[in-house]
Amino acid sequence: MTKEKKLLLMDGHSLAFRAFYGLASQIGNMKNREGLHTNALYGFHNMVEAKIKEIQPSHALVAFDAGKTTFRNEFFEDYKGGRDTMPAELSEQMPYFRELLEGLGISYYELENYEADDIIGTLAKEAEEQGFETIIMTGDRDLAQLVGEHTQVDFTKKGGFDAITPEYLEESYGLSPEQVPDYLGLKGDPSDNIPGVKGIGEKRAQSLLDQFGSLDVLYERLDELKPSKMKENLIEQEETARLSRKLATIDRTSPIQVSIDDLEYPGKDLEKLVSFYKEMDFDSHLLNLNLSGLDIEEEEEVPYQWVTDISEDMLKNQQAVYGEMLADNYHRAAIECVAWGDSEQVYVTSIDIARESETFKAWAEDDSIEKYSFDAKAAIVSFLRRGIVLNNVSFDIHLASYLLSASDHSDSVADVANGHNYRGIAMDELIYGKGKKTAVPEPVEKMHQHVASKVKAIYELTAQLNKELIENGQEDLLKSIELPLAKVLAKMEVRGITVDAAQLEELQTQFQKILDHLEQEIHEKAGEEFNVNSPKQLGVILFEKMGYPVIRKTKTGYSTAQDVLDKLQRQAPIVDDILKYRQISKIQSTYVTGLLAEIAEDGRIHTRFLQTVARTGRLSSVAPNLQNIPIRTEEGRQIRKAFTANHEGWKIFASDYSQIELRVMAHISRDEHMTAAFKAGEDIHSATAARIFDLEDTDSVTPNMRRDAKTINFGIIYGMSDYGLSESLGITRKAAQEFIDIYFERYPGIKNYMDDIKREAKDKGYVETLFHRRRYLPDINARNFNQRTFAERTAINTPIQGSAADIIKMAMIEMETHLKKEGLQAEMLLQVHDELIFEVPSDEITQLNALVKDVMENIVDLDVPLEIESHYGDNWYDTED
DNA sequence: TAAGGGGACG
DNA sequence: CAGACGTCCCCTTAG
């Protein structure tokens, strides 16, 4: 049997554009070592590779537009006029597409005077005649006119492709393929500067074609239309309409010099592809090839010495130190080997030799000896758990690269190195494998070699990144905040928090009964058994079987999210049960079962606070996340009863900042009215309500007014639009806009801040917090509305959320210092963004209460006071004043 | 194994 | 057109 005849045709420029904008946020960090941007090449490569894998074509071609002008310009000069020129970051990538395609083994073609569309249209026609199945990949909607029984057009969309078939076209637009040019002729196409008929958009074009079938028939029978403005336009602009159609019609008989036989797809040319990947620094692709058997490994061979006896002359001031672990949870992971050194010399040993060496331990602990690291906290924790105290870690290339750009998610030495033009470190996956197959390599020297190269890289990158930090004015942020914090967090993590398993198990039984009952109830009301946890099955039950109105769709089906179900609550008695089931089921799986599984042998939970994840500078918490323990519902809040103090007679003590983000905003914006309200000690939401509702004083503020003011205050911090506010207040968009206008009028300083910070982001390309934490916003000047407005909201929010994060981080460092200095036994356990949680002996409560207030409220001097509230109790649930 | 939906927190 | 910032985790489903 002959191979299936399948032709894949791709629209080169259109896909390149999509790839470029799809990865627009990566522009900043996707460059090869020569500084060439690579995001479009990367995205295009992935798109094409995925499609090839999916459809397994026998023939393939990428068509490109040849030049600026085509035959269409001969009869319409302005065709594609007014188009923005291609961004420089993209045009510099264009010459390399050919190289990439040669590596992928795909033919490419362009034809003077014609567009890629015409090449594709002509070949698709030929293919149809020869009995091929054709798939066309493009981002350009015009190509819909090519669909047919054996020709499918796949349009790019977020995260994949939409397959357009004649049936789809009929269903979604009510059009046949032949009607597409007529449709575009009527409504026009702004992206190609095709004018169309004035006043006719999508809807009218559709209904006209529905009625008359084609543009020609429409003009023959124009008198059937009732007199209207639209009819006048049609008459007046007949010539434009016909011209527009002509422009939108793909030429399926273009004089191409290739035929389908030339397009046979032979598969990848690995040699060419590898050299392309190397040129572009596509390390992950290289890695994939390697795992499938190709040897391209090129790690620099750093000389190292394996030691079994550690002597003093090996240990100096200002060396890099690193413990290798193959799993990310350093509380549990084994340390496979320990290494230290500098550019000249690297030593490698085992963790057992290191921990038994008094010489090594003394060096590690010596506060006058500086050590450089990758991930200081991981090193401190993993060493501490083995009796080695690691002091004076004076640099951390992981933290440094995060501070230089908070969006940089490098989380290995190789990543940081690659991101800073330092080559020669193999990716860990290459040495250790990935997923289930992760293991120490044979022979073990391969690992020692790898770790030695990391140590050298840490040492050398320390100098380089330190320089970059100084240039950015961020040296202090590392030295005075992040590095000291790493040590504080390390202690908190190792300490852990005591969780009462028996208590959780009791909850588990209770919740299970409720869940069983609710499930039964739901099945009864639905009239059949199904998995309530499956949004897909639930959607079918609610919207097909039971026929309730569809409120919103997701990309895969019906949305059954909470706010959707809320809207059905009145008419659908089943949704109460579903909502309750969801709520309890969440608590049961994530917080009861989930937390039980995380309790260590010491009866405590040891989370990890991630210091380099959140792009605003906040911490995050994983394995488990202890920053989202339920509090908003009573059932959920019960979980907190299981978090207790470790000793009899001790208490859990919690202090939280009141409105720290709004206070920070008042300070940054210098808005006089908001500042005054905080200074006067007013309830800020009431003060806002009084201001925007024109009240004499806060006494006449009703609870509803306060609630609305609170919504607006929060919305402002997030850069909310009129639409967003109207949704959350349940008012019209117009009313919401009026609210916002009044708000800005009454708080002009805040309005100025919003404008200034956006301006600044556009000029500099980044925003900063009060303490110089930096976040780049590559999309701030994007042409795409969503990307740009998202970047603008981020510009507004990041300095606020990020400065608040800076402040509590400083307070944590200070608290740890003071607890020690004042000889308190109390210990800090957790941070939840604006809140610190301690355990404390009862007789220290008064002292702790005073200390925490002093530290947290005075850690920085803003234009407004900082205030905290503190509570304590036997567990995290019972924290009364 | 990865992606999407959904939901917990500040 | 979509549509309030920042996280992490569980479950189901598709590959």
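Remember, it's a predicted structure, so these values are computed and weren't measured experimentally. Convention: sequence-line order gives letters A, B, ...; per-chain numbering from 1.
Here the nucleotide nearest the side chain of A/S620, chosen from B/dG7, C/dC8, B/dG10, is C/dC8. Of the candidate nucleotides B/dG6, B/dT1, C/dG6, C/dG6 has the atom nearest to the side chain of A/T794. Distance from the side chain of A/K536 is smallest for C/dT13 among the nucleotides C/dC9, B/dG5, C/dT13. In the set B/dG10, C/dA4, C/dC11, the nucleotide with an atom closest to the side chain of A/N533 is C/dC11. Nearest to the side-chain atoms of A/V613 among the listed nucleotides B/dG10, B/dC9, C/dT7 stands C/dT7.
Contact annotation for A/T560: backbone-only contact, meaning every heavy-atom pair under 4.0 Å involves sugar-phosphate atoms and none involves a base. Residue-level contact check: A/S621 touches the backbone only, with heavy atoms under 4.0 Å from sugar-phosphate atoms and none from bases. Residue contacts for A/G715: at a heavy-atom cut-off of 4.0 Å it reaches a base atom on one of the strands shown. Contacts of A/Q537 with the nucleic acid, taken as non-hydrogen atoms under 4.0 Å apart, involve only primed sugar atoms and P, OP1 or OP2. Contact annotation for A/R618: base contact, defined as any heavy-atom pair under 4.0 Å involving a base atom. A/R733 comes within 4.0 angstrom of a base, heavy atoms only. Using a 4.0 Å heavy-atom distance criterion, A/L725 is classed as making no nucleic acid contact. Residue A/T711 is in base contact, counting any heavy-atom pair closer than 4.0 Å across all strands shown. The residue A/E835 sits apart from the nucleic acid: no heavy atom pair falls under 4.0 Å. If you check every strand for non-hydrogen atoms under 4.0 Å, A/N625 touches sugar and phosphate atoms only. No engagement by A/A805 is indicated, since no non-hydrogen atom pair under 4.0 Å with the nucleic acid exists. Counting any heavy atom pair closer than 4.0 Å across all strands shown, A/F714 reaches a base atom. Among the atoms of the strands shown, only primed sugar atoms or phosphate atoms (P, OP1, OP2) are found under 4.0 Å from some heavy atom of A/N531. At the heavy-atom level, A/L619 lies nowhere under 4.0 Å from the strands shown.
By the 5.5 Å and 30° criteria, A/Y718 is not stacked with the base of C/dA4.
Atoms CE (A/M754) and P (C/dA4) sit 15 Å apart, rounded to a whole Å. The CG-P distance, from A/N797 to C/dA4, rounds to 13 Å in whole Å. As a whole-Å value, the separation of A/L729 CG from C/dA4 C1' is 12 Å. Distance A/Q627 CD to B/dG7 P: 22 Å, rounded to the nearest Å. In this structure, CG of A/D563 is placed 12 Å from P of C/dA4, rounded to the nearest angstrom. One atom, NZ of A/K555, and another, P of C/dA2, lie 12 Å apart when rounded to the nearest Å. For the pair A/Y581 OH and B/dG7 C1', the computed distance is 15 Å after rounding to whole Å. Nucleotide C/dC5 holds its C1' atom 16 Å from the CD1 atom of A/I660, rounded to whole Å.
Look at A/R552 and A/D563 and you find a salt bridge, because one of the NZ, NE, NH1 or NH2 atoms lies within 4.0 Å of a carboxylate O, short of that distance. Between A/D154 and A/K51, at least one side-chain N (NZ, or NE/NH1/NH2) sits under 4.0 Å from a carboxylate O, which counts as a salt bridge. Using a 4.0 Å cut-off between a side-chain N of Lys or Arg and a carboxylate O of Asp or Glu, A/R733 and A/E738 do not qualify as a salt bridge.
At the phosphate of B/dG5, OP1 or OP2 sits under 4.0 Å from a side-chain N or O atom of A/T554. Distances shown here put every side-chain N or O of A/R793 at or beyond 4.0 Å from the OP1 or OP2 atom of C/dG6. Here A/S534 reaches the OP1 or OP2 of C/dT13: one of its side-chain N or O atoms lies under 4.0 Å away. Considering only side-chain N and O atoms, A/T556 lies under 4.0 angstrom from the phosphate OP1 or OP2 of B/dG5. Side-chain nitrogen and oxygen atoms of A/S721 include none within less than 4.0 Å of the OP1 or OP2 phosphate oxygen of C/dG3. Listed pair A/R615 / C/dT7 meets the phosphate criterion, a side-chain N or O lying under 4.0 Å from OP1 or OP2. When the side-chain nitrogen and oxygen atoms of A/R632 are compared with OP1 and OP2 of B/dA8, none of them lie within a distance under 4.0 Å.
Both cation-pi conditions hold for A/R774 and A/Y766: the charged atom is under 6.0 angstrom from the six-membered ring centre and inside a 45 degree cone around its axis.
C/dG3 sits 14 Å from B/dG6 when the P atoms are compared, rounded to a whole Å.
Mapping A/V622 and A/I716 onto DNA chain C by nearest heavy atom places A/I716 closer to the 5' end of the strand.
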Subject >> A/R773 and A/D806: CA distance, side-chain angles, deciding distance, salt bridge (charged side-chain N to carboxylate O under 4.0 Å, His left out) verdict >> reply: CA-CA 8 Å; A/R773 190 182 300 284; A/D806 296 344; 2.9 Å; yes
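A perpendicular orientation is assigned to the rings of A/F838 and A/F653, their planes being inclined by more than 60° (bins at 30° and 60°).
Not a single donor-acceptor pair under 3.5 Å links the side chain of A/K580 to the backbone N or O of A/L518.
For A/E634, the side chain to side chain donor-acceptor pair (under 3.5 Å) test picks out A/Q638, A/Y877, with sequence neighbours left out.
Annotation: side chain of A/D683 is in contact with side chain of A/R706 (closest heavy-atom distance under 4.5 Å).
Aromatic rings of A/Y743 and A/Y747 (six-membered ring for Trp) have centroids within the 6.0 Å cut-off, being under it. Between A/Y548 and A/F543, the gap from one ring centroid to the other reaches at least 6.0 Å.
Shown for residues 585-599 of chain A: residues whose heavy atoms fall under 4.0 angstrom of DNA chain B, namely A/K586, A/Y591.
Remark: the A/Q801 side chain and the C/dC5 base include a donor-acceptor N/O pair separated by less than 3.5 Å.
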